2 protein chains.
Amino acid sequence: MQAIERFADFLSRNRLKMTRERRVILDQVLGTRGHFDVDQLLAGFRRAGHPVSRATLYRNLPRLIEAGIIHKLEMAHGQARYELMVGRHHHDHLICTDCGLILEFESHDVERIQDEVCRRRGFVMTGHTHQIRGHCAACAGRRRRRRG
Amino acid sequence: MQAIERFADFLSRNRLKMTRERRVILDQVLGTRGHFDVDQLLAGFRRAGHPVSRATLYRNLPRLIEAGIIHKLEMAHGQARYELMVGRHHHDHLICTDCGLILEFESHDVERIQDEVCRRRGFVMTGHTHQIRGHCAACAGRRRRRRG
DNA sequence: TCCTAGTTGCAACTCAGTCTCAATTATGAC
DNA sequence: GTCATAATTGAGACTGAGTTGCAACTAGGA
Ligand SMILES: [Zn+2]
Ligand SMILES: [Zn+2]
Ligand SMILES: [Zn+2]
Ligand SMILES: [Zn+2]
């Protein structure tokens with residue numbers, strides 16, 4: 001896997017150690033699809049018989065982000081989610097506030113407009129968050145039926 | 001002021017009472033410019049000699065939002081900010097992660113693209129968050145000078 | 001005026017995330 | 001392989017934003 005080398009590389013470049021816990025975390029992350037949270041990872045560690053403490057997980061998530069392996073999604077009410085980014089490119093999210101479904105979207109035009117907005121203000125962008133909240137097709141349908 | 005009537009209206013439509021505390025909160029909100037936080041409001045209450053408890057403020061901010069008087073900005077690390085929305089239209093934000101400066105931007109094109117993305121997925125948008133993080137012109141300049 | 005549902009302050013609580021610290025371990029030098 | 005050392009770990013205490021239960025209070029309609 002490319003992610004493992006990438007992480008090993010990142011660690012050695014920063015004089016950090018490849019510990020059992022870091023391997024376990026990386027494995028779990030690579031084996032989890034979609035937009036997952038800390039509790040899902042912790043449950044995964046237990047299921048796999050390789051427990052890792054909450055503190056250690058929290059200490060290492062930023063490292064995985066710096067290494068470009070995962071991306072953090074800061075959602076409302078402090079519910080953070082993460083997603084694998086190796087081999088993927090940037091995208092933004094549609095979040096259903098009824099069922100929690102997270103869809104992805106991508107728009108070159110929006111990215112271009114953002115760059116232009118920044119350029120005009122002399123603002124140096126280091127990142128952005130673009131989330132659309134609402135009701136997914138299924139939930140919207142359910143609501144329509146209920147309300148008439 | 002239009003905001004006072006609007007709030008009074010919202011309250012009576014929902015069988016809620018216009019209390020001294022609600023008047024104080026609304027006054028403080030109307031008298032605060034920019035993107036303010038809960039502690040700024042609490043300090044304002046004290047300064048004005050009209051204290052309102054933290055609990056009461058937290059209980060009423062959602063009411064002001066529902067009434068369309070203020071808007072909540074959910075920023076990273078759980079630092080919520082609010083801004084007056086009466087007589088203004090929707091906009092999004094550029095946030096300097098060095099000095100905390102918050103700039104505003106507005107793009108019809110981005111809004112149009114969002115609508116299009118939602119339409120294509122049968123997604124019913126109820127709101128969105130679009131934040132650009134980075135370094136404002138002043139901070140970017142300072143950094144350039146420092147690094148050479 | 002009286003009644004009652006809505007409101008308040010306080011303090012206890014929740015929840016995500018961070019920090020401290022003693023014990024452990026990866027890694028590089030010899 | 002052995003050693004030295006700096007990095008890392010888990011446990012649990014802690015933090016800070018926000019919420020909640022509750023008894024006392026109050027706006028506003030009958
Ligand atoms: Zn849904
Ligand atoms: Zn995604
Ligand atoms: Zn700045
Ligand atoms: Zn604004």
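Below, read A as the first sequence line, B as the second, and so on, with proteins coming before strands; counting in each chain starts at 1. The structure presented is a predicted model; accordingly, all values stated were derived computationally and were not measured.
- The side-chain hydrogen bond (donor to acceptor under 3.5 Å, both in side chains) check on A/Arg112 picks up A/Asp109, with sequence neighbours excluded.
- Contacts between residues 18-29 of chain A and DNA chain D, defined by a heavy-atom separation under 4.0 Å, are made by A/Thr19, A/Glu21, A/Arg22.
- Between A/Arg15 and B/Leu16, the residue whose closest nucleotide on DNA chain D is further toward the 5' end is A/Arg15.
- For residues 12-35 of chain B, the set of pairs meeting the salt bridge (Lys or Arg N to Asp or Glu O under 4.0 Å) definition, not counting sequence neighbours, comprises B/Asp9-B/Arg13.
- For the ring pair (Phe, Tyr, Trp, His ring centres under 6.0 Å) test, no residue two or more places apart in sequence or in another chain qualifies with B/His89.
- Distance alone, capped at 3.5 Å, is enough to place a donor-acceptor pair between the A/Thr32 side chain and the A/Gln28 backbone.
- Every residue two or more places apart in sequence or in another chain that forms a side-chain hydrogen bond (donor to acceptor under 3.5 Å, both in side chains) with B/Glu116 is listed here: B/Arg119, B/Arg120.
- A 4.5 Å side-chain heavy-atom check between A/Cys118 and B/Leu94 finds at least one atom pair inside the cut-off.
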Taking distance alone, no hydrogens or angles, what donor-acceptor pairs closer than 3.5 Å link side-chain atoms of residues 65-76 of chain A to residues at least two apart or in another chain?
none

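- Rounded to 10 degrees, the angle separating the terminal axes of the helix from C/dT1-D/dA30 to C/dC30-D/dG1 is 30°, with each axis obtained from five end pairs.
- At a non-hydrogen distance threshold of 4.0 Å, B/Val52, B/Ser53, B/Ala55, B/Thr56 from residues 42-56 of chain B come into contact with DNA chain C.
- Counting any heavy atom pair closer than 4.0 Å across all strands shown, A/Asp39 reaches no nucleic acid atom.
- In this structure, a donor-acceptor pair under 3.5 Å is present between the side chains of A/Gln114 and A/His128.
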Listed pairs under 3.5 Å, donor-acceptor, residues 35-43 of chain A side chains, sequence neighbours left out:
unit_1  : atom_1 : unit_2   : atom_2 : d
A/His35 : NE2    : A/Glu83  : OE1    : 2.9
A/His35 : NE2    : A/His93  : NE2    : 3.1
A/His35 : NE2    : A/Glu104 : OE2    : 2.8
A/Asp37 : OD1    : A/Asp39  : N      : 3.3
A/Asp37 : OD1    : A/Gln40  : N      : 2.9
A/Asp39 : OD1    : A/Arg54  : NH2    : 3.2

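- Between A/Lys17 and B/Asn60, it is B/Asn60 whose nearest contact on DNA chain C lies nearer the 5' terminus.
- Only one option out of A/His130, A/Arg133, A/Gln131 pairs with B/Thr129 in a side chain to side chain donor-acceptor pair (under 3.5 Å); it is A/Arg133.
- Applying a 4.0 Å cut-off to non-hydrogen atoms, the residues of residues 71-80 of chain A that approach DNA chain C are A/Gly78, A/Ala80, listed by residue number.
- Here B/Ser12 pairs with nothing under the side-chain contact (heavy atoms from CB on, under 4.5 Å) rule; sequence neighbours left out.
- Between the CZ atom of B/Arg81 and the P atom of D/dA17 there is a distance of 12 Å, rounded to whole Å.
- Other residues, nucleotides and ligands contribute at most 12 non-hydrogen atoms within 6.0 Å of the NE2 atom of B/His77.
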Could you check A/Asp98 against A/Arg142 for salt bridge (Lys or Arg N to Asp or Glu O under 4.0 Å), going step by step and ending with a plain yes or no?
CA-CA 10 Å; A/Asp98 294 331; A/Arg142 220 168 291 136; over 6 Å; no
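- Formation of a donor-acceptor pair under 3.5 Å by the A/Thr97 side chain with backbone atoms of A/Gly134 is found in this model.
- Close to D/dA7, at under 4.0 Å from its OP1 or OP2, lies no side-chain N or O of A/Asn14.
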* For B/Leu57 and B/Phe45, what are the C-alpha separation, side-chain angles and deciding distance, and is it a side chain to side chain contact (heavy atoms under 4.5 Å, CB included)? -> CA-CA 10 Å; B/Leu57 176 55; B/Phe45 301 150; 4.0 Å; yes
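- In 5' to 3' order, the nucleotides of DNA chain C bounding all contacts with chain B (an atom under 4.0 Å from a heavy atom) are C/dA5 to C/dC10.
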